[in-house]
Amino acid sequence: MTSLHRTMPTDYRPTSDPPRSTRRILIADDEPLARQRIRSMLDDRADVAIVGEARDGAEAVDMILRDAPDIVFLDVKMPELDGFEVITALEELRRGSPGDVPLPAIIFVTAFGEFAVKAFEVRAIDYLLKPFDRARLDRALENAAARRAAGVERGGAAIDPSLRELLSMLRLRERRDERFLIRAAHRMYFISAGDVEWADAAGNYVRLHAQGRTHLYRDTMKALEHRLDPTRFVRIHRSAIVNIDCIVQIEPYVHGEYVVKMRDGTRLTSSRAHSAGLRALLER
């Protein structure tokens with residue numbers, strides 16, 4: 001599980017808060033030299049102030065929430081959370097917040113990935129392809145500043161529509177590589193779909209049972225079923241989905257139903273409406 005409660009980078013030195021007329025910049029990249037390169041290109045600009053540097057995606061989420069930057073240089077490939085997962089985490093937080101959470105403009109930074117670059121270009125999303133020069137960075141910065149200003153006029157809390165479209169497309173492309181963002185009282189963390197042993201409904205939430213613990217996740221059973229790999233998970237009841245690899249025993253019950261014993265000792269009863277999936281499993 002990946003916690004989003006992090007500490008400051010060792011090479012970051014906080015300064016006094018810049019005037020609000022200054023563009024507040026956060027640099028998020030796991031490579032110190034990459035952060036240093038962006039910092040050096042911004043050092044002589046009076047209209048920007050670097051408010052922080054993040055070494056990974058989890059740290060980036062924490063610092064965006066705490067420091068409220070206007071613009072983030074966000075590396076696509078980072079430990080803990082990649083650049084796209086950072087945006088997903090911020091979107092989840094915005095959805096769950098009682099008020100508007102201001103979101104920064106994003107400039108993606110990438111060293112490779114032809115697919116991602118083409119996706120950025122088609123949707124006019126700001127990006128920097130390593131290695132980049134000062135002129136390219138300046139153009140991306142001005143574009144991002146314009147996007148930020150437009151976002152503030154729209155209310156400031158919503159993710160840019162082009163970026164939302166890109167995220168939706170990426171989710172479809174990588175649907176089977178799924179992780180779930182769990183929001184606890186004082187932290188956030190991710191649960192891998194492969195670690196989920198079974199899930200059941202709990203009002204407006206589902207309970208994900210994984211690694212001996214129960215994790216509350218805001219979603220419907222139907223939506224959860226569509227997000228899970230159908231070759232690994234089967235819905236046995238309107239309120240229960242099980243990981244096939246975690247089933248230790250299946251017993252015939254009444255009226256075509258089954259009792260399913262899970263690895264953690266839980267016994268679940270299938271419904272007739274959802275027993276077909278179990279029968280197909282038994283016939284493999």
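Heavy atoms only: backbone and side chains are in, while hydrogens, waters and symmetry mates are out. Model, not experiment: these values are computed from the prediction.
- Glu142 is linked by a salt bridge (charged side-chain N to carboxylate O under 4.0 Å, His left out) to Arg23, Arg45, counting only residues two or more places apart in sequence or in another chain.
- Atom-to-atom distance recorded for Met188:CE and Leu181:CG is 6.0 Å, nearest 0.5 angstrom.
- Shown here are the salt bridge (charged side-chain N to carboxylate O under 4.0 Å, His left out) partners of Arg235, two or more places apart in sequence or in another chain: Glu225.
- The nearest pair of heavy atoms linking Ile191 to Ala210 is CG2-CB, 4.3 Å.
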Original post:
Could you go step by step and tell me if Glu85 and Met78 meet the side chain to side chain contact (heavy atoms under 4.5 Å, CB included) rule?
Top reply: CA-CA 10 Å; Glu85 289 171 330; Met78 288 188 294; over 6 Å; no
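- Residues Ile244 and Val259 are members of separate hydrophobic clusters, defined by side-chain heavy-atom contacts under 4.5 angstrom among Ile, Leu, Val, Met, Phe, Trp and Tyr.
- No option in Ile87, Ile107, Asp82 other than Ile87 meets the side-chain contact (heavy atoms from CB on, under 4.5 Å) test with Leu74.
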**OP:** Could you please spell out the steps behind the side chain to side chain contact (heavy atoms under 4.5 Å, CB included) verdict for Arg179 and Leu81?
**Re:** CA-CA 10 Å; Arg179 298 201 296 176; Leu81 308 175; 3.3 Å; yes
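- Once rounded to the nearest 0.5 Å, the distance linking CD1 of Ile247 with NZ of Lys261 reads 13.0 Å.
- Within the 4.5 Å cutoff, the side chain of Val196 has no heavy atoms near those of the Tyr217 side chain.
- The one candidate from Tyr189, Phe180, Tyr205 that meets the ring-ring contact (aromatic ring centres under 6.0 Å, His included) condition with His215 is Tyr189.
- With contacts defined as side-chain heavy-atom distances shorter than 4.5 Å, the pair Pro69/Ile64 qualifies.
- Scanning for ring pair (Phe, Tyr, Trp, His ring centres under 6.0 Å) contacts around His209 gives Trp198, with sequence neighbours left out.
- The heavy-atom pair separating Thr22 from Asp70 by the smallest distance is O-OD2, 3.5 Å.
- Under the rule for a side chain to side chain contact (heavy atoms under 4.5 Å, CB included), the partners of Arg263 that lie at least two apart in sequence or sit in another chain are Glu197, Cys246, Val248.
- In this structure, Arg136 satisfies the cation-pi test against Tyr127, with its NZ or CZ atom closer than 6.0 Å to the six-membered ring centre and inside 45 degrees of the ring normal.
- Residues Ile50 and Val48 form no side-chain contact, since every pair of their non-hydrogen atoms from C-beta on lies 4.5 Å or further apart.
- Contact annotation: the side chain of Arg24 never approaches that of Leu26 to less than 4.5 Å [non-hydrogen atoms, C-beta and beyond].
- Side-chain contact between Leu65 and Leu90 is present, with at least one heavy-atom pair separated by less than 4.5 Å.
- Of all the heavy atoms in Pro104 and Val72, the pair that sits closest is CG-CG2, 3.6 Å.
- Taking all atoms of both residues into account, the shortest heavy-atom contact from Leu228 to Ala193 is CD2-CB, 4.0 Å.
- By the 6.0 Å and 45° rule, Arg37 stacks over the aromatic ring of Phe132.
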Original post:
Should Met262 and Val260 be marked as a side chain to side chain contact (heavy atoms under 4.5 Å, CB included) after you check the CA-CA gap, both sets of side-chain angles, and the distance that decides it?
Top reply: CA-CA 6 Å; Met262 304 302 297; Val260 180; 3.8 Å; yes
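- We find that Asp75 and Lys130 are joined by a salt bridge, their nearest charged nitrogen and carboxylate oxygen being less than 4.0 Å apart.
- The CZ atom of Arg35 lies 7.0 Å from the CG atom of Asp29; values are rounded to the nearest 0.5 Å.
- Looking at heavy atoms from C-beta onward, Ile27 lies out of side-chain contact with Val109 at the 4.5 angstrom threshold.
- Between Thr110 and Lys77, every side-chain heavy-atom pair lies at or beyond the 4.5 Å cut-off.
- Partners of Arg207 by salt bridge (charged side-chain N to carboxylate O under 4.0 Å, His left out), not counting sequence neighbours, listed by chain and number: Asp200.
- With values rounded to the nearest 0.5 angstrom, Leu216 atom CG is found 8.0 Å from Ile182 atom CD1.
- A search for salt bridge (charged side-chain N to carboxylate O under 4.0 Å, His left out) contacts involving Asp44 returns Arg134, not counting sequence neighbours.
- From Leu224, atom CG reaches atom CD1 of Ile241 across 4.5 Å, with rounding to the nearest 0.5 Å.
- When every heavy atom of Asp56 is checked against every heavy atom of Glu59, the shortest pair comes out as OD1-N, 2.8 Å.
- Scanning both residues, His237 and Ser271, for their nearest heavy atoms gives CD2-CB, 3.7 Å.
- Atom CG of Asp138 sits about 9.0 Å away from atom CG of Asp133, to the nearest 0.5 Å.
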